[in-house]
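Below you'll find the structure, written out as structure tokens, and then a few comments.
Just the heavy atoms: all of them, side chains too, but no hydrogens, waters or symmetry mates, feed the values below.
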Amino acid sequence: MSKGVAQTGDLALAAEFEAPSRRQWERLVDKVLERMGSSRDRLVTTTDDGIEIQPLYTADDRAPSAGVPGMPPFVRGARPEGHVVAGWDVRARHEAGDGGDPAALNDAVLVDLDGGVTSLWLCVGEGGLPVDSLADALRDVRLDLAPVVLDAGAEYERAAEALLALHAEQGVPDAEVAGNLGADPIGLRARTGREFDVAGAVALTARLDGRHPRLATVVADGLPYHEAGSSDAQEIGAATASAVAYLRAMTEAGLDVAEAASRIEFRLAATTDQFGTIAKFRAARRVWARVVEVCGAPDVAMRQHAVTSPAMMTRRDPSVNLLRTTVACFAAGVGGADAVTVLPFDHALGLPDRFSRRLARNTQAILLEESKLAAVIDPAGGSWYVENRTDALARRAWDEFTAIEKAGGIEAELASGALGERIARTWQARSRRIATRRDAITGVSEFPLLEEKDFDRAPRPTVRANGGLPRVRYAQGYERLRDRSDAHLAEHGSRPKVFLATLGPLSEHTARATFAANLFLAGGIEPVNPELGDPTTEELVDAFRACGTPVACVCGTDAAYAEKAAEVAEALRAAGATTVLVAGRPGESDPDSAISGYVHRGCDALAVLTDTLDTLGVAS
């Protein structure tokens, strides 16, 4: 039996087949690509961090050892048993609306806890739940069983004192107090642009020195950078630099390194990039392990709180967000995150309702209880692809972190704007891919649903905008166009339209007509297909006039274009068309003067849609 062939008893599975080599695979792939006029280089993709993802990984692509679970550098998890014993911490986010109704928040909290949530992430302070109402919001909550993580902005000291007082009232022993008091002045500065002294966070931690060993006091939050459009390495690097700033300040105040490091929890985004997210949480632990090793506390593992990315959430066709958050939660769990927050599918629309919160927590319940995702320690460990991507990302993140440190630290980088400029360049590159639909957004830029269900949600609390890093969502460009279309519908009773001038029989024009329709729908523009079979130019012109729009898009085969596109375009122009587009790439000859432009795979869809709405007189 050849090496590597599986064997069961006396039966050698696939014994009659030779073990394929990498070179054999490459030769077969090259033959297919040659017929397509392409090469193997086209199969290599590059991440925002410049990491090249190969089409195949084998034992020849071994990465440096990731160690073992529960041991430095903690790539394979912070605990030897992984999530096998208790699963990860299912953490639900709760925020109140303007005015902060503690009774309503308390009701939502209790429902979540009854439904399987194991910890709470509470937003209190400006614009939401007043700190003085924290006791009412947590009425009947057993704090020894349901740890609380605070997100109180500038009011973190008052909120921390209020939460600790509630623990004392319930008689929770110091050793049983868990959660996080949520101090993060650096993250607050990144959000707002205002400077906040870390002294308050240090003093809060110092007061608890030697007490509450399970309680974190500080958050090193990567979300402000992620929501500004950063890459994974930039997010990890910035969060690590924030943690180092806190660690440095706490040790200078006299705290032990291990004690100080154990008080910090990292918050990172999980996205639909499944393998990227798995590698991200593994790589982040490796980066932090190196930091604490150098500082003299090698046994302190990173605490990780994963949050399904707010940037990936869409306002349009929001039900699709259920799929996005499921993939992101899966990846965060496989990646070894200690706690996971699944944002409800309507997060981008406003405050979630009872139904969307239920779906959010049940997403985690299915992955934990039905899919048994936590039953395996580090399920991605040993994958040549995952180990390579983890190693490459850790190196990129370390480069980002050390660049921030060389520039004077995270606060200096925020003050100078240098970090924001690097993130902006990353966001610009992603924006180009989104605009050209290279990065597809299902339900928005691809397969949009023009007449979708309306989800009415209460608005989020109003918080003063004072600068800081921007907050972006990947779908925002297309959603602005859809908003223009909705306003036009409300005012005129119909949506802006584009006429599809189909050439040849149905079998010949369907592919490009479908492509064009999908593209225009992404901008809220209704495509009108006359469905005339194999129409004459006169029939197309009559249908165009009946449609009542000045924009047309010719759809057919290359052969049909060569024979008839110029004639049809000129006839449509004569009939009143101000813009005549063609679905497909320009041919070798110069474009006909009657043709305004071309729409094709890889074109700037956002620019085409914006120009079309402008041509149609749709208000911006």
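Across all non-hydrogen atoms, the minimal contact from Thr390 to Val75 is CG2-CG1, 4.0 Å. Leu134 and Ala159 make their closest contact through CD2-O, 4.0 Å (heavy atoms, listed as atom of the first residue, atom of the second, distance). In terms of heavy-atom proximity, Val219 sits nearest to Gly182 at CG2-CA, 3.9 Å. The two residues Arg285 and Ala337 come nearest to each other via the heavy atoms NH1-N, 4.2 Å. Residues Ala260 and Met250 share a closest heavy-atom pair of O-CE, 3.6 Å. Contact record, Phe281 with Ala270: CE1-CB, 4.2 Å, taken as the closest heavy-atom pair.
No side-chain heavy atom of His212 sits less than 4.5 Å from a side-chain heavy atom of Glu176. Looking only at side-chain heavy atoms (C-beta outward), Val149 and Arg267 come within less than 4.5 Å of each other. By the 4.5 Å heavy-atom criterion applied to side chains, Arg389 and Arg282 are not counted as neighbours. Side-chain contact check for Ile53 versus Tyr385: some heavy-atom pair is nearer than 4.5 Å. Between Met302 and Phe74, the closest side-chain pair of non-hydrogen atoms is not below 4.5 Å. Ser309 is listed as a side-chain neighbour of His226, based on a closest heavy-atom distance under 4.5 Å. Side-chain contact between Leu419 and Ile410: present, with at least one pair of heavy atoms (C-beta onward) separated by less than 4.5 Å. Here the side chains of Pro147 and Leu120 are not in contact, with every heavy-atom distance at 4.5 Å or above.
For the residue pair His167 and Asp144, no side-chain donor N or O sits within less than 3.5 Å of a side-chain acceptor on the partner. Under the 3.5 Å distance criterion, with hydrogens and angles disregarded, a donor-acceptor pair is assigned to the side chains of Arg22 and Thr58. Side chains of Tyr246 and Asp184: a donor on one and an acceptor on the other come within 3.5 Å. Arg142 and Gln170 are not linked by any side-chain donor-acceptor pair at a separation below 3.5 angstrom, with hydrogens and angles left out of the test. Judged by distance alone, the side chains of Arg460 and His347 do bring a donor and an acceptor atom under 3.5 Å apart. Between the side chains of Asn180 and Glu265, at least one donor N or O lies within less than 3.5 Å of an accepting N or O. Using modelled atom types, one finds no donor on one side chain facing an acceptor on the other under 3.5 Å when comparing Asp48 with Thr426.
A distance-only check finds a donor-acceptor pair linking the side chain of Arg263 to the backbone of Leu215 [under 3.5 Å]. The main-chain N or O of Leu255 is never found under 3.5 Å from a side-chain atom of Thr251 such that the two would form a donor-acceptor pair. No donor-acceptor pair under 3.5 Å is formed between the side chain of Thr118 and the backbone N or O of Asp89. Within the 3.5 Å criterion, the main-chain N or O of Arg324 finds no donor-acceptor partner in the side chain of Asn321. Remark: side-chain polar atoms of Asp221 are paired, donor with acceptor, to backbone N or O of Leu223 under 3.5 angstrom. A donor-acceptor pair under 3.5 Å is absent between the side-chain atoms of Asp391 and the main chain of Glu387, judged by distance alone. Checking side-chain atoms of Arg473 against main-chain N and O of Met313 turns up a donor-acceptor pair under 3.5 Å. Panel note: side chain Thr308, backbone Val342; no donor-acceptor pair is recorded below 3.5 Å. Distance alone, capped at 3.5 Å, is enough to place a donor-acceptor pair between the Ser242 side chain and the Ala238 backbone. Remark: the backbone N or O of Asp256 is not paired with any side-chain donor or acceptor of Glu259 at under 3.5 angstrom.
Between Glu161 and Arg207 there is a salt bridge, since at least one side-chain N of the basic residue sits less than 4.0 Å from a carboxylate O of the acidic one. Checked for salt-bridge contact, Asp112 and Arg361 meet the test: a charged N lies under 4.0 Å from a carboxylate O.
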Test side-chain contact (heavy atoms from CB on, under 4.5 Å) on Asp151 and Val124 and set out the steps. CA-CA 6 Å; Asp151 190 346; Val124 298; over 6 Å; no
Evaluate the side-chain contact (heavy atoms from CB on, under 4.5 Å) criterion for residues Val44 and Arg42: first the C-alpha distance (whole Å), next the side-chain angles of each, then the deciding distance (0.1 Å), finally the verdict. CA-CA 5 Å; Val44 178; Arg42 295 289 299 273; over 6 Å; no
Derivation of the side-chain contact (heavy atoms from CB on, under 4.5 Å) call for Val177 and Arg214: CA-CA 6 Å; Val177 176; Arg214 297 176 57 201; over 6 Å; no
Starting from the C-alpha separation in whole Å, work towards a yes-or-no answer on side-chain hydrogen bond (donor to acceptor under 3.5 Å, both in side chains) for Thr217 and Thr205. CA-CA 6 Å; Thr217 58; Thr205 306; 2.7 Å; yes
Could you walk me through whether Asp232 and Arg396 pass the side-chain contact (heavy atoms from CB on, under 4.5 Å) check? CA-CA 9 Å; Asp232 288 342; Arg396 296 294 197 284; over 6 Å; no
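Note that CD of Gln24 and CD of Glu26 are 10.5 Å apart. Values are rounded to the nearest 0.5 Å.
Annotation: cation-pi pair Arg430/Tyr474 present, NZ/CZ under 6.0 Å from the ring centroid and within 45° of its normal. A cation-pi arrangement, defined by a distance under 6.0 Å to the six-membered ring centre and an angle within 45 degrees of its axis, is absent between Arg91 and Trp121.
Heavy-atom neighbours of Arg358 CZ from other residues, nucleotides or ligands within 6.0 Å: at or below the threshold of 12.
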